[in-house]
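Structure, as structure tokens:
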There are 2 protein chains.
Amino acid sequence: MTTDSLTKALDAAEAHCVERGEKLTPVRKRVLELVLEADGPVKAYDLLEALKPGPGSAKPPTVYRALDFLMTAGLVHKVEALNAFVGCSHTHDHDEHGGGAELFICSDCGAVEERHGAPLPMNAPAGFTIQRSVVEHFGQCANCHPG
Amino acid sequence: MTTDSLTKALDAAEAHCVERGEKLTPVRKRVLELVLEADGPVKAYDLLEALKPGPGSAKPPTVYRALDFLMTAGLVHKVEALNAFVGCSHTHDHDEHGGGAELFICSDCGAVEERHGAPLPMNAPAGFTIQRSVVEHFGQCANCHPG
DNA sequence: AATCCGAATGTTATAATATCACGCCTCAAA
DNA sequence: TTTGAGGCGTGATATTATAACATTCGGATT
């Protein structure tokens with residue numbers, strides 16, 4: 001992500017929070033920035049390291065709270081299979097297409113693509129009501145193919 | 001799961017391992033039994049507790065090794081979003097339909113339904129080759145509906 | 001201005017999940 | 001019988017995450 005588009009994304013995120021009556025505080029903004037800057041999924045404790053060039057502050061709850069906030073706001077997704085986090089690339093201009101994102105994660109370069117509008121559960125058991133879905137695909141992106 | 005069908009499942013699992021040139025050792029069999037007995041997804045450290053009524057033996061590596069073996073053999077799945085494990089209900093009579101299972105997990109009663117034959121990624125980015133998919137749906141099963 | 005309130009954050013500690021590294025044992029193949 | 005691989009025991013430690021409580025800060029109310 002370029003510096004320019006990063007700035008734009010942060011501004012958009014801030015606007016998105018304000019719209020929701022919430023605040024993108026400095027800690028939250030910094031965590032989001034770090035997540036967006038990263039090449040791929042980021043670990044919570046790597047964020048923690050990045051947050052404390054100075055001695056004091058930045059303990060685990062700091063980063064987990066920020067991540068919880070950002071996830072609730074839809075700005076960040078957790079990759080459950082990796083215990084790691086990715087920035088949400090999807091614009092929140094006119095939200096609500098329901099379910100969670102479908103993630104495609106390149107095991108070689110770490111690139112993450114996000115898709116929405118789950119065409120998924122043709123397959124659900126009779127009477128099952130889905131509240132939340134986790135869909136994560138791992139493999140090689142177009143740039144990383146051996147062929 | 002009834003005692004009878006549990007026994008059958010364990011026998012089938014044993015046969016499945018032998019077919020693959022591997023051994024369902026006592027520890028592995030006991031872990032599988034505990035996973036199958038459980039009502040829903042089981043945590044590794046709960047298995048660990050269950051494994052040590054006696055004082056000595058049963059440290060984390062014991063259970064994680066057994067789980068790794070059982071997962072590789074396709075007898076157990078990990079629920080990534082819960083850091084928990086479920087028995088694979090699917091028969092291995094004539095295997096190989098490729099990708100991982102699609103799990104439907106009732107948040108109320110813990111029941112897990114497993115589906116196969118991924119109808120999934122209508123949606124993949126161009127050129128993306130999927131190696132492994134994690135698909136986990138959470139919600140209410142037919143028995144647990146409020147309505 | 002003084003006070004209060006609630007949200008956000010700081011801080012300490014600990015819980016929960018998972019792996020590493022090493023050594024021993026057993027069993028079967030050579 | 002030697003030997004080698006797989007499985008397991010054991011102790012230590014790494015990684016991921018939360019609980020519980022204190023403090024600060026900014027806005028609303030008086």
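Convention: sequence-line order gives letters A, B, ...; per-chain numbering from 1. Quick caveat: nothing in here was measured; it's all calculated off a predicted structure.
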- Task: Could you tell me the separation between the CG atom of Leu48(A) and the C1' atom of dT16(D), rounded to a whole number of Å?
- Result: 11 Å
- Message: Could you work out how much the helix from dA1(C)-dT30(D) to dA30(C)-dT1(D) bends, comparing the axis of its first five pairs with that of its last five, to 10°?
- Response: 20°
- Item | Side chain to side chain, Leu34(B) and Phe85(B), heavy atoms closer than 4.5 Å | no
- Item | Nearest-nucleotide 5' precedence on DNA chain C, Asn83(A) against Pro60(A) | Pro60(A)
- Any side-chain N or O of Thr62(B) under 4.0 Å from OP1/OP2 of dG9(D)? yes
- Item | Close side-chain approach of Val134(B) to Glu80(A), heavy-atom, < 4.5 Å | no
- Message: Can you classify the ring geometry of Phe104(A) versus Phe128(B) as parallel (below 30°), tilted (30 to 60°) or perpendicular (above 60°)?
- Response: perpendicular
- Query: Given atom OH of Tyr64(B) and atom C1' of dT15(D), what is their separation to the nearest angstrom?
  - Reply: 11 Å
- Does any donor-acceptor pair link the side chain of Tyr45(A) with the base of dA14(D) at a separation under 3.5 Å? no
- Task: Could you state the atom-to-atom distance from CD of Glu80(A) to P of dT17(C) in whole Å?
- Result: 14 Å
- Message: Looking at Arg65(B) and dG6(D), is any side-chain donor or acceptor paired with a base atom of the opposite kind under 3.5 Å?
- Response: no
- Item | Touch class at under 4.0 angstrom, heavy-atom based, for Lys43(A) against every strand present | sugar-phosphate
- Validation row: Cys17(A), Lys23(A) side chains within 4.5 angstrom (heavy atoms): no
- Does a nitrogen or oxygen in the side chain of Lys59(A) sit under 4.0 Å from OP1 or OP2 of dT14(C)? no
- To the nearest angstrom, the CZ-P distance between Phe85(B) and dA16(C) comes to 16 Å
